[in-house]
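The next block holds one structure in the form of structure tokens; read it before the comments.
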2 protein chains.
Amino acid sequence: MSPKNPSRIGSQSRAPALIFAALGDATRLRLVARLCGGEPRSISDLTRGSRLTRQAITKHLSVLQNAGVVCRFRSGRHSLFKFHPQPIDALRDYLDFVSEQWDHALARLKSLVER
Amino acid sequence: MSPKNPSRIGSQSRAPALIFAALGDATRLRLVARLCGGEPRSISDLTRGSRLTRQAITKHLSVLQNAGVVCRFRSGRHSLFKFHPQPIDALRDYLDFVSEQWDHALARLKSLVER
DNA sequence: CTAATCTGCAACCTGGAGGTTGCACAATAT
DNA sequence: ATATTGTGCAACCTCCAGGTTGCAGATTAG
């Protein structure tokens, strides 16, 4: 079971679903886009440039944190969030596996037709 | 703006959020896993091997169809669903871009420290 | 022809997602 | 010392996602 292979795809895959769901919201996607740019940012910082309330942003950040996409730490009175790449890499592997599966299916079909 | 570059990441990205959300459910992920294996499958076929109702499965398939991950066509009294790879490829590109962005950030930070 | 199968549509229920307001408190500016 | 700023927590609201049951209509099997 190589690390490139999402173990038992589709059966015991609660983790990927959690991460996909975390990214399945435009607001959270925007937050990720800002955070993957580098510097950690505070809640109020991330709230600027959004029409939502600070509390709403906080909830979204909690969802991202719960999925592991982001990690949180305090500095003084600021609550800072930093991007964490591992779950994104896991999803890339997952999607690669799905594509690969599909390509194999196409190849099988083609060889069947050509026979 | 290369095709590898998800245009204006985070700003006008409603489409990716839709696709991510469609995959953000364990049941739907299982459906995708079965469908990307090749042959189109009918609703009742996909319902076997799930503890859910046919109607529930139908709703999940509609969500996937709405995201473009799957396409539907009828054959006799069967409603068949076939995997459609484009949205998955779009997500791969999206995640690649995020990772790339993060790698650039790390590289900038490193060069700053080494200076 | 008749029975079994596959599907679509509609009504309905329940929990939680996503958003808000309000308040209390810690940390920093001035 | 005081005002401002950044957070956390809790209560509350609304709406929809995810599930179910029930029924009627096609289509195919026997």
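Chain letters run A, B, ... following the sequence lines, proteins first and then strands; every chain starts at 1.
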(Q) Tell me the closest heavy-atom pair linking A/Gly37 and B/Ala105, and the distance in Å. (A) O-CB, 3.4 Å
Q) How many Å lie between CG on B/Leu64 and P on D/dA17, as a whole number? A) 14 Å
Q) Which nucleotide sits closest to the side chain of B/Leu52: D/dT20, D/dG18, C/dT7? A) D/dT20
(Q) If the cut-off is 4.0 Å, is A/Ser44 near the phosphate of D/dT7, judged by side-chain N/O to OP1 or OP2? (A) yes
(Q) Classify B/Arg48 by what it touches in the nucleic acid, base, sugar-phosphate, or nothing, heavy-atom distance under 4.0 Å. (A) sugar-phosphate
Q. Looking only at side-chain N and O atoms, does A/Arg51 come under 4.0 Å of OP1 or OP2 in C/dT20?
A. no
Q) When we call it a touch if two heavy atoms are under 4.0 Å apart, what does B/Ser79 touch: a base, just sugar-phosphate, or nothing? A) sugar-phosphate
**Q.** B/Arg74 CZ - D/dT27 C1' separation (whole Å)
**A.** 9 Å
Q: Would you kindly give the CG-to-P distance between B/Asp45 and C/dC6, to the nearest whole Å?
A: 9 Å
**Q.** Atom-to-atom span, CG of B/Leu23 to P of D/dG18 - whole angstrom
**A.** 12 Å
(Q) If I take atom CD in residue B/Gln65 and atom C1' in nucleotide C/dG8, what distance separates them, rounded to the nearest angstrom? (A) 13 Å
Q: Specify the separation, in whole Å, of atom CZ of B/Phe20 and atom P of C/dA17.
A: 19 Å
Q) To the nearest angstrom, how far is A/Phe73 atom CZ from D/dT7 atom P? A) 12 Å
Q: Would you please classify the geometry between the B/Tyr94 ring and the B/Phe20 ring as parallel, tilted or perpendicular, with 30° and 60° separating the classes?
A: perpendicular
Q: May I ask you to verify if any side-chain N or O of A/Arg72 is less than 4.0 angstrom from the OP1 or OP2 atom of D/dG8?
A: yes
**Q.** Base of D/dT5 paired with side chain of A/Arg77 (donor-acceptor, under 3.5 Å)
**A.** yes
Q.
OP1 or OP2 of C/dG18 versus the side-chain N and O atoms of A/Arg28: is any pair under 4.0 Å?
A. yes
(Q) Are A/Leu61 and A/Leu52 linked, directly or through intermediate hydrophobic residues, by side-chain heavy-atom contacts shorter than 4.5 Å (ILVMFWY only)? (A) yes
Q.
Would the base of C/dG22 count as contacting A/Gln55 through its side chain, where contact means a donor and an acceptor less than 3.5 Å apart?
A. yes
Q. Is B/Arg54 side chain donor-acceptor paired with the D/dG19 base, going by distance under 3.5 Å alone?
A. no
Q.
Below the 4.0 Å mark, does C/dT28 have OP1 or OP2 next to a side-chain nitrogen or oxygen of A/His78?
A. no
Q. Can you find a side chain N or O atom of A/Thr58 that sits less than 4.0 Å from OP1 or OP2 on D/dT7?
A. no
Q: Consider only side-chain heavy atoms of I, L, V, M, F, W and Y, link residues closer than 4.5 Å, and tell whether A/Leu106 and A/Val98 are in one cluster.
A: yes
**Q.** Nearest-nucleotide pick for B/Lys59, side chain only, options being C/dG8, D/dT20, C/dT20
**A.** D/dT20
Q: Whole angstrom is fine here: how far is it from CG in B/Leu80 over to C1' in D/dT28?
A: 15 Å
Q.
For a quick check of understanding: with a heavy-atom distance under 4.0 Å over all strands, which category does A/Thr53 fall into, base, sugar-phosphate or nothing?
A. base
Q: Check every atom of D/dG19, D/dT7, C/dG18 against the side chain of A/Ile43 and return the nucleotide holding the closest atom.
A: D/dT7
Q. If two hydrophobic side chains count as joined below 4.5 Å and joins carry through other members, does B/Leu80 share a cluster with B/Leu64?
A. no
Q) Between atom SG of A/Cys36 and atom CH2 of B/Trp102, what is the distance when rounded to the nearest 0.5 Å? A) 8.5 Å
